[in-house]
Amino acid sequence: FNRKYGGFDNASTDCETTLFYFEIPRKNLLEGLDRFAQFFIAPLMKKDSMQREREAVDSEFDMALPSDYNRIAQIYGGIAKDHPMAKFMWGNTKSLCPDNMDDETIHKRLHEFRLRHYSSQYMTLCLQSQHDLDTLQG
């Protein structure tokens with residue numbers, strides 16, 4: 001829907017947050033926002049999409065390797081013993097496909113993770129639009 005009507009969406013993850021965003025022409029905002037919200041309400045999380053997503057993350061990992069900023073972040077992660085930064089810094093094919101888990105197990109655990117952590121109490125929504133507030137709240 002987004003691309004069909006001139007919009008786009010994407011996501012990015014850093015150490016503690018994931019940012020999801022989308023942009024769409026004003027005349028399609030309300031329907032586009034409803035469709036975007038469905039990603040959080042009832043995500044598809046298809047098992048047959050997992051490999052493609054792993055490859056996308058791995059590609060981003062490879063592109064980030066030469067960055068001095070990212071290398072410094074890796075060093076900080078390596079010396080941060082009792083800090084969340086020490087637990088997770090980057091994803092790649094190896095980290096997203098542990099040897100002791102098949103795709104069925106990974107898929108099940110991803111759904112369990114989503115049910116436990118993807119809750120409105122942990123999220124913030126920010127809207128920017130030329131629509132008036134009454135329209136946005138409607």
Side-chain angles (χ1 to χ4, degrees):
F1 181 86
N2 245 7
R3 288 180 194 92
K4 181 178 179 182
Y5 291 99
F8 67 91
D9 56 78
N10 207 342
S12 62
T13 301
D14 66 18
C15 293
E16 297 183 32
T17 60
T18 300
L19 172 67
F20 299 90
Y21 59 93
F22 91 108
E23 184 173 316
I24 195 163
R26 182 178 176 191
K27 66 182 179 180
N28 303 107
L29 176 66
L30 299 180
E31 186 175 357
L33 185 58
D34 181 57
R35 290 172 184 250
F36 185 67
Q38 294 307 311
F39 174 80
F40 303 97
I41 295 166
L44 297 177
M45 295 178 66
K46 295 179 180 178
K47 191 172 10 171
D48 59 356
S49 298
M50 289 174 31
Q51 185 57 32
R52 181 187 44 142
E53 291 298 324
R54 280 191 287 251
E55 289 169 3
V57 169
D58 195 61
S59 175
E60 291 173 5
F61 175 80
D62 287 342
M63 288 190 303
L65 284 176
S67 163
D68 286 340
Y69 173 83
N70 293 329
R71 289 178 184 180
I72 290 169
Q74 286 287 342
I75 291 169
Y76 288 152
I79 60 175
K81 297 292 182 216
D82 295 319
H83 188 276
M85 195 172 188
K87 295 180 183 177
F88 178 79
M89 286 297 294
W90 294 98
N92 60 22
T93 302
K94 184 176 181 186
S95 70
L96 297 174
C97 194
D99 292 335
N100 61 340
M101 283 191 223
D102 60 10
D103 275 359
E104 187 71 37
T105 304
I106 294 170
H107 187 254
K108 179 179 181 241
R109 293 193 55 190
L110 284 171
H111 277 276
E112 291 168 354
F113 182 89
R114 180 189 64 83
L115 291 172
R116 188 170 59 248
H117 295 289
Y118 276 63
S119 171
S120 60
Q121 68 195 28
Y122 303 125
M123 298 180 183
T124 302
L125 173 66
C126 176
L127 288 177
Q128 178 182 341
S129 173
Q130 293 176 339
H131 287 292
D132 60 52
L133 187 57
D134 290 336
T135 302
L136 291 173
Q137 290 178 330

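Residue numbers start at 1 and run along the sequence shown.
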Calculate, to the nearest 0.5 Å, the distance between atoms [atom1] and [atom2] belonging to [X] and [Y] respectively.
X: Phe1; Y: Asn28; atom1: CZ; atom2: CG; answer: 4.5 Å
X: Arg54; Y: Ser59; atom1: CZ; atom2: OG; answer: 15.0 Å
X: Leu136; Y: Leu33; atom1: CG; atom2: CG; answer: 8.5 Å

For Ser49, enumerate each residue passing the side-chain contact (heavy atoms from CB on, under 4.5 Å) test, keeping only those at least two apart in sequence or located in another chain.
Lys46, Arg52
Using the test side-chain contact (heavy atoms from CB on, under 4.5 Å), find all partners of Asp102 that sit at least two apart in sequence or belong to another chain.
Glu104, Thr105
Identify the heavy atoms of [X] and [Y] that sit nearest to each other, and give their distance.
X: Gly7; Y: Pro25; value: N-CD, 4.1 Å
X: Arg3; Y: Asp9; value: NH2-OD1, 4.3 Å
X: Pro66; Y: Arg71; value: CA-NH2, 3.6 Å

Write out all pairs satisfying salt bridge (charged side-chain N to carboxylate O under 4.0 Å, His left out) with one or both partners inside residues 33-45, taking only residues at least two apart or from two chains.
Glu31-Arg35
So salt bridge (charged side-chain N to carboxylate O under 4.0 Å, His left out) across residues 129-138, not counting sequence neighbours, yields none
Which Ile, Leu, Val, Met, Phe, Trp or Tyr residues join Phe8 in one cluster when any pair of side-chain heavy atoms under 4.5 Å counts as a link?
Leu19, Tyr21
Residues that, via side-chain heavy atoms closer than 4.5 angstrom, fall in one hydrophobic cluster with Met50:
Met45, Met101, Ile106, Leu110
Donor-acceptor contact present, side-chain Asn92 to main-chain Asp58, <3.5 Å:
no
Honestly curious: do Ile72 and Met63 fall in one hydrophobic cluster under the side-chain, below-4.5 Å linking rule?
no
Does Met123 share a hydrophobic cluster with Leu127, counting links as ILVMFWY side-chain heavy atoms below 4.5 Å and allowing steps through other members?
yes
According to the ring-ring contact (aromatic ring centres under 6.0 Å, His included) rule, which pairs have a member within residues 26-45, sequence neighbours left out?
Phe20-Phe39, Phe20-Phe40, Phe22-Phe36, Phe36-Phe40
Qualifying ring-ring contact (aromatic ring centres under 6.0 Å, His included) pairs with a residue from residues 93-112, counting only residues at least two apart or across chains:
His107-His111
Restricting to salt bridge (Lys or Arg N to Asp or Glu O under 4.0 Å), what partner residues turn up for Lys108, sequence neighbours left out?
Glu112
Scan residues 114-131 for pairs that pass side-chain hydrogen bond (donor to acceptor under 3.5 Å, both in side chains), counting only residues two or more places apart or in two chains.
none
Counting only pairs under 3.5 Å, give me each side-chain donor-acceptor contact of residues 75-85, with atom names and distances, residues two or more places apart or in other chains.
| unit_1 | atom_1 | unit_2 | atom_2 | d |
| --- | --- | --- | --- | --- |
| His83 | ND1 | Met85 | N | 2.9 |

With Glu55 via side chain to side chain donor-acceptor pair (under 3.5 Å) - residues at least two apart
Gln51
